[in-house]
Protein chains: 2
Amino acid sequence: MITINDIAEMAGVSRTTVSRVINNTGYVSEKARRRVMDVIEETGYVPSQHAKSLRTKETKIIGVILPKISTDTSSRTVNGMNSVFEDVGYQILLTTTDLDQQKEIDHLRLLQNRQVDGIILIATNMDQKLVDEIKASKVPVVVVGQEMVGVPSVIFDDHAAARRMTELLIEKGRRSIGYIGVDEADHSVGVQRKAGYLETMAYHGIEVPDAWMGTGDFSIDSGYEAMARMLEAPVKVDAVFAATDRMGLGAWRCIRRHGYDIPGDIAVVGIGSSETSRFIEPALTTIEYEHEQAGSEAARMMMQLLQGKKKIPDKKVLDFKLVERDSI
Amino acid sequence: MITINDIAEMAGVSRTTVSRVINNTGYVSEKARRRVMDVIEETGYVPSQHAKSLRTKETKIIGVILPKISTDTSSRTVNGMNSVFEDVGYQILLTTTDLDQQKEIDHLRLLQNRQVDGIILIATNMDQKLVDEIKASKVPVVVVGQEMVGVPSVIFDDHAAARRMTELLIEKGRRSIGYIGVDEADHSVGVQRKAGYLETMAYHGIEVPDAWMGTGDFSIDSGYEAMARMLEAPVKVDAVFAATDRMGLGAWRCIRRHGYDIPGDIAVVGIGSSETSRFIEPALTTIEYEHEQAGSEAARMMMQLLQGKKKIPDKKVLDFKLVERDSI
DNA sequence: CTGAAAGCGCTTACAG
DNA sequence: CTGAAAGCGCTTACAG
């Protein structure tokens, strides 16, 4: 392996000078600079990041913790982060938790050991242990997807989105609107979306029997099953609002399998704007979140944190877009 | 920051001893070990990976170059790699090329500077410059998705898959089978799949007019457009084979929009087994590749390379599965 | 404008 | 079983 010492020797200067031309810092005579450049060019020398990091305490690597890599949401978010980090010469070190809460904490530690400059966590819960771990972090942490007080976060307005969607259903003349949610450990999806739905129903004076409230686990199948149970409710629903598109897809399929018409008998809506939801006929009405934007916002926040800007906003709430299609 | 020296001092031993207990190497008395362990425990000390890497020349990080992160294929492949790397304490450093060929080369270099232990490249082409760069790499490289002579690769049998799919269509009584492919720079998808189709057609003595051969760019829209052109061919097709599910989806939609029945008038098949292809009605007949397996195989190959095993297989060809559904 | 020297936090022969 | 010392490849005051 070729080192800075080799270059110095070949160029007939000290390694201090080589370092200076590499980093474009301090004074170097044009003649010396040229000689060094030439040698670097012909040897293909590249400085060791480790040696550099050891000295500077900087790695230009951002650790990213994902709940699951194989999802459209994750990949779009990472894509957004990548677009800003790339421009500033940062890279991403990815880890996945596979929805294991303990792993979120493990990876938080692991990444710090890797001496990443910062960590972006795509969060699915707000467990107190997790929050503690984040606050104890030696490097800046930005959270995406869940609002954590005291931690810079990028979130979607789940509450407003759910309200808006429920309103839409009511505007369209639906009254008996069922809901398929998820566990409340997930504050954004489990709590906020449900609250938006419930509040809007209450606002319009519509009572919601228990049988209209289903719970799934994000999967298509769980949406199917929740819907199947809902179809047996004593008071029939004329619409169903699934907290995610995938569960909405399951409900959609279930409704058709049971011989009902969409939207004639039952309207179906979701949140997430997946490709499949757009492609089926009738296409699913949904809410579109800009995950790329969430990623790039998180990255921008991280850069500000890294630049020592103290006064960065504690949270950034992203907009959503209602996508009205045939299922309604 | 707390270092090995602090631990040594607090435990009343030399840092050599601390290093020994951390790495579980050499002799350490039980008493000393315990003292060191205790101090590490209570201080929460973690060794600096950079200092360690600087000495050992090992980083336990594998660089992964992806053409595009926002695709099902990419994420499943990374998932597969992750599952094996995780067990052996390796992590993944991700970069994306966004289908820019120059970036593939740039990232290959960039990752070496990061002193990754190895690089896995999900390849979309076999440009000679790229091959040269790979062969010049200081660290082991494994390629996924394209066969590169002299470079350990994990590939799918695209040729056999396309043959099998064409055969199936013919078994079902179709003769006028159109094809929607992609640019030949992509050897696997562009060349191999088309060859499989063409050979099977020739084997059965079916002539293929130019108007049956379309080209897209992997997108749904490009499949739609290629199909639209094909529908105007003087000799009508009674089936269409798209080289990817996404283009197949476009063709599927185009056929229906033009008032034809699937599979009554025209059968549609693809390759890739995407979620949407499963969900539409009639569901798309397709070929399923095990991307997770491709990822884990690549990771295993990498580990063997890293362990200095010289005699690893030059390539690993993965199996495929025919998924017959209603579109045929 | 340039270089000698110290130091970043580790590991590893070597000597005891 | 243990420690002193050298060295990994860099950067950065400091002195000239």
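Here is how names work: the chains are called A, B, and so on, in the same order as the sequence lines, proteins then strands, and each is numbered from 1.
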Q. Among A/Ile120, A/Val116, A/Val139, whose side chain to side chain contact (heavy atoms under 4.5 Å, CB included) with A/Ile62 holds?
A. A/Ile120

Q: Tell me the stems DNA chain C sits in, counting at least three consecutive Watson-Crick or G-U wobble pairs, each under 3.5 Å on both distances.
A: C:1-3 with D:14-16, C:5-12 with D:5-12, C:14-16 with D:1-3

Q | Any side-chain heavy-atom pair of B/Val131 and B/Lys135 under 4.5 Å | A | yes

Q: Considering just the side-chain nitrogens and oxygens of A/Tyr45, establish if one lies under 4.0 Å of OP1 or OP2 belonging to D/dC10.
A: yes

Q: Assess the side chains of B/Glu9 and B/Asn5: does a donor N or O sit below 3.5 Å from an acceptor N or O?
A: no

(Q) What's the closest nucleotide to the side chain of A/Leu54 if the choices are D/dT2, C/dT2, C/dC8? (A) C/dC8

Q. Phosphate oxygens OP1/OP2 of D/dG3: is one of them under 4.0 Å from a side-chain N or O of B/Ser14?
A. yes

Q: Can you tell me the distance, in whole Å, between the NZ atom of A/Lys57 and the P atom of C/dC8?
A: 8 Å

Q: Return yes when atom CD of B/Gln102 has more than 12 non-hydrogen atoms of other residues, nucleotides or ligands closer than 6.0 Å, and no otherwise.
A: yes

Q) Rounding to a whole Å, what distance do you find between B/Arg33:CZ and D/dG3:P? A) 14 Å

Q | Euclidean distance, B/Ile7 CD1 relative to B/Arg35 CZ, rounded to 0.5 Å | A | 13.0 Å

Q: Calculate the interatomic distance between B/Asn24 atom CG and D/dC1 atom P; express it in whole Å.
A: 13 Å

Q: Whole angstrom is fine here: how far is it from CG in A/Asp6 over to C1' in D/dC8?
A: 13 Å

**Q.** Nearest-0.5 Å distance, CG of residue A/Leu130 to CG of residue A/Leu108
**A.** 6.5 Å

Q. How does protein contact run along nucleotides 11-16 of chain D, one letter per nucleotide 5' to 3', with B for base contact, S for sugar-phosphate only, - for none, heavy atoms under 4.0 Å?
A. BBB---

Q: Write down the distance between OH (B/Tyr27) and C1' (D/dT2), rounded to a whole number of angstrom.
A: 13 Å

Q) Can you tell me if the side-chain N/O atoms of A/Lys31 get under 4.0 Å from OP1 or OP2 in C/dC1? A) no

Q.
Just the rounded figure in Å: distance from C1' of C/dG9 to NZ of A/Lys138.
A. 13 Å

Q: Send over the distance from A/Ile7 CD1 to D/dG9 C1', rounded to a whole Å.
A: 12 Å

Q | Between C1' of C/dG9 and CD of B/Glu9, the distance in whole Å | A | 15 Å

Q. Is the A/His291 ring parallel, tilted or perpendicular to the A/Phe156 ring (thresholds 30°, 60°)?
A. perpendicular

Q: Please determine which of A/Thr3, A/Ile4, A/Asp6 meets the side chain to side chain contact (heavy atoms under 4.5 Å, CB included) test together with A/Arg15.
A: A/Ile4

Q) Has B/Ser48 got a side-chain N or O lying under 4.0 Å from the OP1 or OP2 atom of C/dC10? A) no

Q. How about B/Glu290 and B/Leu318: do any of their side-chain heavy atoms sit closer than 4.5 Å?
A. no

